[in-house]
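Everything on this sheet refers to the single structure shown next.
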Amino acid sequence: MSFEKFISEANEAVKFSLKKLEIKNETFNLTEPTRDEFGDLSCNVAFLLTKQLQKSPQMIASMLVEQYHQFRKTDSNSQSYISSVVAHDSGYINFQANLALIGEEVISHILKNDHLRMDIGKGKKVIIEHTSVNPNKSLHVGHLRNVAIGDTIYRILRDTNHDVRVLNYVDDSGLQVADILVGFLFLKFPVTPLNNNIKFDTYCGNEIYVKVNELYEKDPELVEKRKLLLKKLEQGDPEIISFASEITSKVLKDQLRTCWRMKARYDLLNFESHIIISKLWAKTFERLRNENIIIKETEGENAGCWVFGSDVEGTKIIVRSDGTATYIAKDIPYALLKVGTLEDQFKYLAFLKQWDNTTLWRSTTDDLNEANQLNFFPAEDSITVIDNRQTRLQRIIKEILNKFESNSNRYMHLAYGPVLLSNRTAKDLGMESEDQKSVQMSGRKGIFVDADFVLDTLYRKAKEETIKRNPEIAGKDLERTSEEIAISAMRYSLIKNDLEKELKFDMIDSLSLDGNSGPYLQYAYARCCRLIEKSNINSFSGDASILSDPIEYRLIKHLSKYAISIEDTIKNMEPKLIAVYAYELATMFNLFYEKLPILKERDTELSQARISLVEAIRKILKIFISFVGITPLERM
RNA sequence: GGGCCCAUAGUUCAGUUUGGAUAGAAUGGCUGCCUGCGGAGCAGUUGGUCGAGGGUUCAAGUCCCUCUGGGCCCA
């Protein structure tokens, strides 16, 4: 796209001038200046040469710019993306872009192409695993961050020609599931909740899980019972497995409803129990031993254990001396499956139809006729979205993968910081919290904000606003619109921040529909739609040459960088870059809308050009907010 | 004890990868702007010794060292 061409031309120009002055091998930066008056691109090369040339930066900049001007004189025929080059007093070389040319190219490119699909992936197969919540509770806002990040990455990859499969790993035989089984089997919680308004996942998480954990402290025998249950789960005791599966699949279905509400979707559910039953772990264990990746300690405190000697993390126990596998061990076969070191031997059954009409598949270990062999595994790249408390474990898994295939950079842990409750929200939930401190959520202790609760609250607020502004919207339309606004507020707030950092969740702040928020983007989009609708134009011209206002200039420049923004997002795996771009576009559009007449403009030609600009903005905005999982609304 | 991460406006955060021009948003407070294209908007104002100290550099929020405070993981 055009802005890249401008950058590369500026880059060539500097290199050319350096060569003319016989200056060698100087690296330099081209960056966007802090202020509009400095142009569109600045080069710092003059600063870097002061020592070598024994001249002031201003002097050097002038010399270089002089060379460029001489070159342009002899080569004035060809069209240039650079309209001017100035040696600034500060020592910077400032480039002004030829926005007439760029604008023309960009606007007509956006208007002409229906989909604007970029082919970044070239059809490359990518697996992304996200959500992966233990099936013993309902989702809280912390889990939603995982869902939002994972699904946003999925959408971006899918729309840039990657062949993406979305996986959701279900740990249906772990400690947390054992906890609620204790509740059903020993504390006699009824399988059908007495309060029939409560979702089953909420029932398990809020009532049983919390209660059981409370009782562990008073009743050591109960802990023993859990241990026993866990062992039966791991060994595949048919009766327990069957009961557990009944419970976990009920929880899972409720959890999925919340995820779908968030506009996430999946291709496949993998169950940990299947990895055990199918002997995938046994096979993995065998290979780890045969290839001497793990060794058996014969003495010391780890005597009898199978351990992995990590280069960075030290000795890590994989199998305990009593033969049971550690937590990390069970993750290894799944990772090996993703990258293709282990062959996929599962068969698959259609599990559920999703909101987007796609089928969600699940692995099965039963040899049924209707089971299919589908090629979910392996992939060229695999991305696992898990919070950064697991970084250490993930690093070890990656290290083990590298022992099998030394070139393996195909396994990526996409880490993000956990969600904490703000001081205010923690207090509202009745927790004691020191001032200025945020609070860790804990499903076990019942300290969390339920995902559906937040979404419901947001929904009510959005509905109120919608009724106030659009009395004509009612019924299903009103419900749908309010829900889309609620989801947009939630999803945007979960991805707009840096992944690495903890996210402080504040109930009151998160209810805001103003400012840097999802609904703000939707609002800008709806405004665009109304303008287009009212203009009664359905063919748009790409002629941007008469758009000369600085506000239009900034808009066109920003539009010309949309592809760069998408590339950067994928290259760095930073979904927030999408949010930043979209927010800036919406802000610029709102200013444009406020300050310049569009439909009201008397000059027909100018009016048409502005409407075309609006259409281009609308299309790009639609693409970007869709990446985030925000539904573009024509009215709200 | 070992390792990793964080600290920027009253609050929540960008900006640190690749050092560069007057450190930006949002929110809150105050103040303007709808007989005009939708006010979920726009503009103005208020608010910062970029945790502290030292170093490198023509130039440090950004790089290096030390310290303080907070968090996470491992033992």
Side-chain angles (χ1 to χ4, degrees), chain A residues 27-31 33-35 37-39 42-51 56-57 88-92 94 301 310 312-316 387-396 415 417-418 420 422-424 434 436-438 440 461-462 464-466 468-470 485 488-489 493 496-498 500-506 508-510 512-535 551 568 571-572 574 576-577 579-580 583-584 586-587 589-601 607 610-611 614 633 635-636:
Chain A
T27 56
F28 55 85
N29 273 339
L30 284 164
T31 51
T34 45
R35 287 153 65 192
E37 61 186 270
F38 295 141
S42 293
C43 184
N44 66 343
V45 68
F47 296 104
L48 307 172
L49 290 168
T50 46
K51 215 166 245 176
S56 72
H88 191 262
D89 289 344
S90 61
Y92 276 107
N94 291 335
E301 54 180 347
S310 162
V312 275
E313 306 289 350
T315 303
K316 185 77 200 168
D387 77 57
N388 62 17
R389 288 173 292 198
Q390 305 242 22
T391 301
R392 197 188 193 89
L393 284 182
Q394 286 293 315
R395 200 175 293 161
I396 294 170
L420 309 180
S422 73
N423 181 266
R424 179 166 59 179
E434 288 166 44
Q436 305 297 328
K437 259 192 157 182
S438 39
Q440 284 266 357
K461 169 133 188 196
E464 237 171 70
E465 287 291 315
T466 310
K468 214 187 290 172
R469 288 157 212 278
N470 294 291
I485 292 167
S488 132
S493 73
K496 74 170 173 177
N497 291 339
D498 199 278
E500 254 182 53
K501 292 184 185 164
E502 295 161 342
L503 187 86
K504 271 172 213 136
F505 178 82
D506 184 86
I508 294 169
D509 288 349
S510 80
S512 164
L513 308 176
D514 307 323
N516 189 352
S517 71
Y520 177 92
L521 302 180
Q522 283 175 310
Y523 184 69
Y525 180 81
R527 272 182 156 179
C528 288
C529 290
R530 289 289 279 164
L531 285 169
I532 302 298
E533 191 188 320
K534 285 199 171 178
S535 73
I551 298 171
D568 283 352
K571 196 173 83 195
N572 305 322
E574 283 192 79
K576 73 171 176 193
L577 298 180
V580 169
Y583 177 65
E584 282 177 357
T587 306
F589 165 72
N590 276 331
L591 183 61
F592 168 65
Y593 180 90
E594 199 78 24
K595 300 292 179 203
L596 301 174
I598 302 163
L599 301 175
K600 288 184 304 187
E601 173 57 49
S607 173
R610 285 188 177 151
I611 291 163
V614 170
L633 298 172
R635 306 225 175 162
M636 60 184 282

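We use all heavy atoms of the structure for the numbers below, so side chains are in, but hydrogens, waters and symmetry mates are not. First the proteins, then the strands, lettered A, B, ... as listed; each starts at 1.
- Regarding contacts with the backbone of B:U11, every side-chain N or O of A:K504 stays at 4.0 angstrom or more from both OP1 and OP2.
- Residue contacts for A:L393: at a heavy-atom cut-off of 4.0 Å it reaches no nucleic acid atom on any strand shown.
- Between the P atoms of B:C72 and B:C64, the separation comes to 25 Å (whole Å).
- Out of B:A26, B:G15, B:G38, the shortest distance to the side chain of A:A526 is found at B:G38.
- Ring geometry, A:F38 versus A:H88: the interplanar angle exceeds 60°, so the pair is classed perpendicular (tilted spans 30 to 60°).
- Applying the side-chain hydrogen bond (donor to acceptor under 3.5 Å, both in side chains) test to A:N44 and every residue at least two apart in sequence or in another chain returns nothing.
- Residue A:N29 places its side chain closer to B:U18 than to any other of B:C73, B:U18, B:G41.
- Considering CZ of A:F592 and CD1 of A:I551, their distance stands at 8.5 Å, rounded to 0.5 Å.
- Partners of A:K468 according to the side-chain hydrogen bond (donor to acceptor under 3.5 Å, both in side chains) rule, which considers only residues two or more places apart in sequence or in another chain, are A:E465.
- Closest of all the heavy-atom pairs between A:Y520 and A:G515 is CB-O, 3.0 Å.
- In this structure, the side chains of A:F28 and A:L48 come closer than 4.5 Å at one or more pairs of heavy atoms.
- Using a 4.0 Å heavy-atom cutoff across all strands shown, A:P418 reaches no nucleic acid atom at all.
- Within 4.0 Å of A:D568, counting heavy atoms only, lies no atom of the nucleic acid at all.
- When rounded to the nearest whole Å, the span between CG of A:D506 and P of B:U11 equals 13 Å.
- Within 4.0 Å of A:L596, counting heavy atoms only, lies at least one base atom of the nucleic acid.
- Remark: A:T31 engages no residue in a side-chain hydrogen bond (donor to acceptor under 3.5 Å, both in side chains) (not counting sequence neighbours).
- Under the 3.5 Å distance criterion, with hydrogens and angles disregarded, no donor-acceptor pair is assigned to the side chains of A:Y523 and A:N590.
- One finds a side-chain N or O of A:Q440 lying less than 4.0 angstrom from the OP1 or OP2 phosphate oxygen of B:C72.
- Note on A:K496: nothing from the nucleic acid sits closer than 4.0 angstrom, heavy atoms only.
- By the stacking rule of 5.5 Å between ring centres and under 30° between planes, A:F38 stacks on the base of B:A21.
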Might you work through the salt bridge (Lys or Arg N to Asp or Glu O under 4.0 Å) test for A:K504 and A:D509, ending with a clear yes or no?
CA-CA 10 Å; A:K504 271 172 213 136; A:D509 288 349; over 6 Å; no
Sub-3.5 Å pairs of nitrogen or oxygen atoms, protein against nucleotides 58-63 of chain B:
unit_1 : atom_1 : unit_2 : atom_2 : d
B:C58  : OP1    : A:K51  : NZ     : 3.4

Determine, stepwise, if the pair A:N497 / A:K501 fulfils side-chain contact (heavy atoms from CB on, under 4.5 Å).
CA-CA 8 Å; A:N497 291 339; A:K501 292 184 185 164; over 6 Å; no
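- As rounded to the nearest Å, B:C63 and B:C42 have P atoms that lie 33 Å from one another.
- Comparing A:E37 and A:N470 along RNA chain B, the residue whose closest nucleotide (by nearest heavy atom) sits nearer the 5' end is A:E37.
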Test side-chain contact (heavy atoms from CB on, under 4.5 Å) on A:L531 and A:Y593; report intermediate values, then the result.
CA-CA 10 Å; A:L531 285 169; A:Y593 180 90; 3.8 Å; yes
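- Side chains of A:P519 and A:S488 form a contact here, defined as non-hydrogen atoms less than 4.5 Å apart.
- Of the inter-residue distances, the one linking A:Q522 atom CD with A:R635 atom CZ reads 15.5 Å to the nearest 0.5 angstrom.
- Taking only side-chain atoms of A:Y583, from C-beta outward, the nucleotide of B:C42, B:A21, B:A25 with the closest atom is B:A25.
- Of the P atoms belonging to B:A52 and B:A9, the separation is 11 Å, rounded to the nearest Å.
- Using a 4.0 Å heavy-atom cutoff across all strands shown, A:L531 reaches at least one base atom of the nucleic acid.
- Within 4.0 Å (heavy atoms only), A:R527 reaches sugar-phosphate atoms of the nucleic acid but no base atom.
- Side-chain proximity of A:Y593 to the nucleotides B:G38, B:G36, B:C74 is greatest for B:G38.
- Residue whose closest nucleotide on RNA chain B sits further toward the 5' end, between A:L513 and A:L577: A:L577.
- Distance noted for atom C1' between B:U66 and B:C30: 44 Å (whole Å).
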Both distances under 3.5 Å, Watson-Crick or G-U wobble: on that basis, could you give the dot-bracket string for RNA chain B, with [ ] for crossing pairs and | for other-strand partners?
(((((((..((((......[...))))((((((.......))))))....(((((..]....)))))))))))).
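- Side-chain atoms of A:T34 stay outside donor-acceptor range of the base of B:A23, with no qualifying N/O pair under 3.5 Å.
- Picking from B:C42, B:C37, B:A21 the nucleotide with the shortest atom distance to the side chain of A:N94 gives B:A21.
- Counting atom types as modelled, A:N44 pairs no side-chain N or O with a base atom of B:A21 as donor and acceptor under 3.5 Å.
- Residue A:Y520 places at least one side-chain N or O closer than 4.0 Å to OP1 or OP2 of B:C42.
- Between the P atoms of B:G44 and B:U49, the separation comes to 23 Å (whole Å).
- Counting distance only, with no hydrogens placed and no angle test, the side-chain atoms of A:E594 and the base atoms of B:G41 include a donor-acceptor pair under 3.5 Å.
- Side chain of A:R635, nearest nucleotide from B:G38, B:A21, B:C6: B:G38.
- We find that CD1 of A:I396 is positioned 10 Å from C1' of B:C73, with the value rounded to whole Å.
- Nucleotide B:G24 holds its P atom 20 Å from the CG atom of A:N497, rounded to whole Å.
- Within the 4.0 angstrom heavy-atom criterion, no nucleotide atom of any strand lies near A:S56.
- Residue A:R392 places its side chain closer to B:C73 than to any other of B:G15, B:C37, B:C73.
- As rounded to the nearest Å, B:A23 and B:G71 have P atoms that lie 33 Å from one another.
- Look at the P atom in both B:C34 and B:U17: the space between them is 46 Å, to the nearest Å.
- The side-chain hydrogen bond (donor to acceptor under 3.5 Å, both in side chains) test applied to A:Q394 returns A:Y411, not counting sequence neighbours.
- A:E500 comes within 4.0 angstrom of sugar-phosphate atoms only, judged by non-hydrogen atoms across all strands, and of no base.
- Residue A:K501 has no polar side-chain atom (N or O) positioned under 4.0 Å from OP1 or OP2 of B:G71.
- The C1' atoms of B:G2 and B:G15 are separated by 33 Å, rounded to the nearest whole Å.
- Looking at heavy-atom distances under 4.0 Å, A:S42 makes contact with a base.
- Proximity note for A:R389 (side chain, C-beta onward) versus B:C73, B:G39, B:C42: the nearest is B:C73.
- OP1 or OP2 of B:G38 sits under 4.0 Å from a side-chain N or O of A:K534.
- The A:I598 side chain lies nearest to B:C37 when the options are B:C37, B:A25, B:G15.
- At the heavy-atom level, A:N388 lies nowhere under 4.0 Å from the strands shown.
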